[in-house]
Amino acid sequence: MDIRYEECKTLKEKPDQNNLGFGKYMTDYMFVCDWHKDQGWHDARIVPYGSIELDPACVTLHYAQETFEGLKAYRREDGKIQLFRPEMNAKRMQKSNERLCMPAFPVEDFVEAVRALVKKEEDWVPSAPNTSLYIRPFMFATESALGVHMATAYKFMVICCPVGAYYATGLDPVKILVEDELVRAVKGGTGFTKCGGNYAGSILGQVKAEKMGYDQVLWLDGETRTYVEEVGTMNIMFKIDGEIITAPIEGTVLAGVTRDSMIHLLRDWGYTVREEHLAVSDLMKAGKEGRLEEVFGTGTAAVISPVGTLRYKDDEVVINDMKTGELTQKLYDTLTGIQWGRLEDKYNWTQTI
Ligand SMILES: *Cc1c(COP(=O)(O)O)cnc(C)c1O
């Protein structure tokens, strides 16, 4: 892939690394590449970050033909920058795009685009503990016409922003509401894709949970509302009687890179990990009987999010006295250790820029 560069006239001032938050400060540059049905992918470029003009009839604004990804670049103690399994994000985006009838962006080009943009923005990769550069690749239809069909033109872009330590003072258990009315995904739908539409449909559940004093929603399977699937932007794992259970990847749950990495670590440490359906009634029963030892969400943003409370209808269980479990902490320390280059990466998951 040939990347054309266009330089900024002035660069932005970098924000305070101790106050980055999430997704607030965009960097100086962005990657852009266009697709047209007659030309394929063309005009790859890294240009000054800025607004893009869209026709009001742009199909994405009406029919949500949009997919995205999320990964991070990490600053190691020796100053080098590294990525974590970026080809998994590239492949997942291809799967999302296939489902939404959008063109595939080649895996090698995806990784090259991310590497080139991070290289260009290397000064933006923060070095304060547990901060990183969040990278957001995304694709959308740009054709202007109101028909519902596969579009003739798309844009693939990558933007990035430095993000703060997710937990300022150690892991902080969250309160989760099991949603028993609204659903996120059904078999045959788009639940396994990272497409904008999935998230638009999930906000109402999140609003409801927050109104009731909970941090996040745990979605049940869309057909029977019996089995636990995942949290809004995280996969979820349960440690019951010493074994780990998480929902299988069968079309409704997102195949998280963090989920996959945790499963590798857990199996390596000798744990049994079962990718199986778990009924919410069995989960609550295990909680009541004191067999639900730990619960944690997994995703790129937080890495691991310990769950302290689970509420389902009128029932509530508290997990591990609202404290972060031992295994949760060990998984967090190990994975972040590999991601920030503090621990040896025997799995070959990282690549330096
Ligand atoms: C992004 C996402 C995840 C986590 O995936 P990672 O690759 O681990 O970041 C899980 N569930 C949903 C719905 C997501 O959007």
Side-chain angles (χ1 to χ4, degrees), residues 22-23 64 66-74 83-97 99-100 107 110-111 114 132-139 160-161 163 166 174 176 178-179 182-187 189-206 209 215-222 227-238 246-266 273 275 295-305 307 328 331-332 334-336 338-339 347 349-350:
F22 189 87
E66 190 265 359
T67 58
F68 68 97
E69 271 303 326
L71 68 163
K72 285 172 168 176
Y74 307 85
L83 299 174
F84 185 77
R85 310 182 79 182
E87 62 298 322
M88 285 201 68
N89 297 94
K91 287 180 193 153
R92 186 168 68 191
M93 187 170 217
Q94 289 197 334
K95 284 203 181 128
S96 298
N97 289 2
R99 175 63 181 81
L100 274 91
V107 170
F110 178 106
V111 175
V114 167
S132 55
L133 185 74
Y134 185 77
I135 304 160
R136 169 54 58 87
F138 59 108
M139 195 192 292
C160 41
C161 53
V163 296
Y166 205 86
V174 295
I176 288 200
V178 181
E179 174 57 57
L182 307 169
V183 298
R184 190 193 91 93
V186 290
K187 277 203 184 130
T190 57
F192 67 95
T193 73
K194 253 179 144 63
C195 74
N198 287 346
Y199 302 82
S202 74
I203 293 171
L204 182 58
Q206 180 66 26
D215 301 301
Q216 303 221 21
V217 174
L218 171 56
W219 300 101
L220 299 176
D221 74 283
Y227 305 103
V228 291
E229 294 212 317
E230 64 175 324
V231 185
T233 56
M234 289 191 290
N235 296 109
I236 190 162
M237 301 191 183
F238 306 91
T246 192
I249 303 296
E250 291 179 336
T252 53
V253 165
L254 197 94
V257 177
T258 320
R259 174 189 182 278
D260 183 79
S261 308
M262 298 289 186
I263 290 175
H264 264 89
L265 291 174
L266 287 163
V273 182
E275 297 176 66
V295 180
F296 49 92
T298 70
T300 297
V303 185
I304 199 159
S305 195
V307 177
T328 306
L331 282 165
Y332 178 78
T334 307
L335 199 61
T336 56
I338 295 171
Q339 288 170 333
Y347 307 96
W349 282 339
T350 57

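Note that ligands are numbered from 1 as they come in the structure, with each ligand's atoms numbered from 1 the same way.
Counting heavy atoms from C-beta on, the side chains of Thr233 and Ser202 never come closer than 4.5 Å. Under the 4.5 Å side-chain criterion, counting only non-hydrogen atoms from C-beta, Phe84 is not in contact with Thr300. The shortest side-chain heavy-atom distance between Asn235 and Met262 does not fall under the 4.5 Å cut-off.
The environment of Tyr227 atom OH is sparse: at most 12 non-hydrogen atoms of other residues, nucleotides or ligands sit within 6.0 angstrom.
Side-chain atoms of Asn198 come within 3.5 Å of backbone atoms of Thr193 as a donor-acceptor pair (strictly under, hydrogens ignored).
Among the candidates Thr258, Thr350, Asp260, the single residue satisfying the side chain to side chain donor-acceptor pair (under 3.5 Å) test with Arg85 is Asp260.
Listed by chain and number, residues touching ligand 1 at under 4.0 Å (heavy atoms only) are Arg92, Arg184, Lys194, Tyr199, Glu230, Gly232, Thr233, Met234, Asn235, Leu254, Gly256, Val257, Thr258, Gly299, Thr300.
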